[in-house]
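Just so it is clear: chains get the letters A, B, ... in the order the sequence lines come, proteins before strands, and each one is counted from 1. Just so it is clear, the model here is predicted, and its values are computed rather than measured.
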There are 2 protein chains.
Amino acid sequence: MGTTHLETVPEPKYWHLKNVIGEALDSDFAVGEILPNERELAARFGVARATLRQALEQLELEGRLQRRRGVGTTVAPPRLGVDVSTNQHTGPGAAQDAWQAFDCDKVVPPPAVSRALGTAAGEETYALRRLRGTHGQPLAAELLYVPAASVPELTAIDAPSGAARARCVLRELQRLDLDGQDRAVELGSARADDARELDRLPGSPVLVVTTRYLCQGRTVAVSVATYRADTCKLTFGDSGDVRISHHGEERRAS
Amino acid sequence: MGTTHLETVPEPKYWHLKNVIGEALDSDFAVGEILPNERELAARFGVARATLRQALEQLELEGRLQRRRGVGTTVAPPRLGVDVSTNQHTGPGAAQDAWQAFDCDKVVPPPAVSRALGTAAGEETYALRRLRGTHGQPLAAELLYVPAASVPELTAIDAPSGAARARCVLRELQRLDLDGQDRAVELGSARADDARELDRLPGSPVLVVTTRYLCQGRTVAVSVATYRADTCKLTFGDSGDVRISHHGEERRAS
DNA sequence: GAGTGGTCTAGACCACTGC
DNA sequence: CAGTGGTCTAGACCACTCT
């Protein structure tokens, strides 16, 4: 209300609300602190709950709030810088932030993937399921498609389906010396299965990273990794956490 | 309604709706085709308009629909692969998809940026405004922060503020031989000014690409580029358009 | 001016979490 | 069990675009 409210451009209530709450977050709240519940906030601002929720949704999209059903709305920590340019396969040493494979079966990949792999339309490939997290927080869920032709050594040596087989496929894949990788990032919404793994609701916004692994001009594997858009900032290049966020400035815990 | 509706896991209506409409888009609609209006769709599916809108919002988030106030809802073309790893400064030759600088003044950068640049808290830098687009479609809006110290040759040679000055700063910047770049991608919502340039509503989802330009170990410039999340798929690496989308499969124009 | 999507309301009920 | 966020409704009005 401090604005001179030039009525020429009446900005929506939820937009104004978002800014007001956003500033309040910077000045009056510490990370992890819990906000008043939606009904009270709506009453306090004199708007319908739906309108208040529209503002909170925006703030959640920007990674500044975290909402959990049955619990409440809390102030989110700054987004985690997650390096996407390397890919440690459950690497030794740094078990802190790494992929963990936990399943593998054979499936018919979606058309776009099988086209990239150059496999026939209905042809099955290995589908390796991996999870990435830090400090118990899930960050990303991945589906790695590997045509049987890419790992010829792995035939009927069996390996019971599941984590064991996943490790075998990964081992074979690492044996190839890759020429390089191709990456694309786009916005998506979490499928039901990914949402469960990521501890989010189905449909929540995610950053989908599609990677083609190249070997002698051919695509030997395709990975579709789904990162939580609310908590992750994807980094590329050799410097790890770049530590530049859009609405910057550390939260001042009063 | 063809589902066997296992009532054990009652998925939300809007979620089911999203899937139904999504399938319809694949089978019954061509790119660019206009859908029935929201009120009619809601009636046809027997839901409130708000619920129908929730489904459409999801589909828009996934880049499958495009909605314009006063016009209607149309089927979106597949996302454009936009290369982010190179950065042609209004390069000669390919004027098709390139940055176009059109303004430059001096501003105090946001704290996160000035920290990355190593400038003092209240210190001004050049702020170069650029726009990227293809075929008339705006793709991204960028703010490039360049400390005066990074372009020492450009002092009082004037150049009237505006596009001319922008070109001067770029020219100076290209004269430096950069060691490399650091990139980060995260989800954001369009600020009012970006939204206007991108022909979107304020708050619409965008992919924010933050780039640090390095020269002899120091950060000589920082760019914050805002890409339309609905129409863009950011690509990294040397192969241009990777042509793998998440919900793949070309639309079959009946 | 007719028709579209965007905003907003006031209320209801559901699903989940934790005590 | 009480309290939270998530879903859904039925309506109203506004801002915009096109003709």
Distance, rounded to the nearest Å, where [X] contributes [atom1] and [N] contributes [atom2]:
X	N	atom1	atom2	result
A:H16	C:dT7	NE2	P	16 Å
A:K13	D:dC14	NZ	P	12 Å
B:E11	C:dC16	CD	P	13 Å
A:W15	C:dT7	CH2	P	10 Å
A:R49	C:dA12	CZ	P	13 Å
B:Q54	C:dG6	CD	P	14 Å
A:L35	D:dT4	CG	P	12 Å
A:E38	C:dC16	CD	C1'	14 Å

Do any side-chain nitrogens or oxygens of [X] fall under 4.0 Å of OP1 or OP2 in [N]?
X	N	result
B:N37	C:dG3	no
A:T51	C:dT7	no
A:R67	D:dG6	yes
B:Y14	D:dT7	yes
B:T73	C:dT4	no

Has the side chain of [X] got a donor or acceptor atom sitting under 3.5 Å from an opposite partner on the base of [N]?
X	N	result
A:R68	D:dG6	no
B:R39	C:dG3	no
B:R69	C:dG3	no

query: With a non-hydrogen cut-off below 4.0 angstrom, is B:R53 in contact with a base, only sugar-phosphate, or nothing?
result: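 Base, at least one base heavy atom under 4.0 Å.
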
query: Using a cut-off of 4.0 Å on non-hydrogen atoms, how would the nucleic acid contact of A:L201 be classed: base, sugar-phosphate, or nothing?
result: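 Sugar-phosphate, backbone atoms only, no base.
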
query: Between A:R79 (side chain) and A:A229 (backbone), is there a donor-acceptor pair under 3.5 Å?
result: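 Flag set: sc A:R79 to bb A:A229 pair under 3.5 Å.
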
query: Is it true that the side chains of B:E142 and B:S223 contain a donor and an acceptor less than 3.5 Å apart?
result: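 B:S223 and B:E142 do have a side-chain donor-acceptor pair below 3.5 Å.
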
query: Does a side-chain heavy-atom distance below 4.5 Å link B:Y227 with B:R132?
result: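 Touching, per the 4.5 Å side-chain cut-off.
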
query: Considering only heavy atoms from C-beta outward, does the side chain of B:T211 approach that of B:V222 to under 4.5 Å?
result: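 No. Closest side-chain heavy atoms not under 4.5 Å.
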
message: Let's see if you can work this out: which of C:dT7, C:dT9, D:dC18 has an atom nearest to the side-chain heavy atoms of A:P12?
response: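 From the listed options, C:dT7 comes nearest.
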
Side chain to side chain contact (heavy atoms under 4.5 Å, CB included) evaluation trace for B:F236 with A:F236: CA-CA 9 Å; B:F236 300 79; A:F236 299 80; 3.8 Å; yes

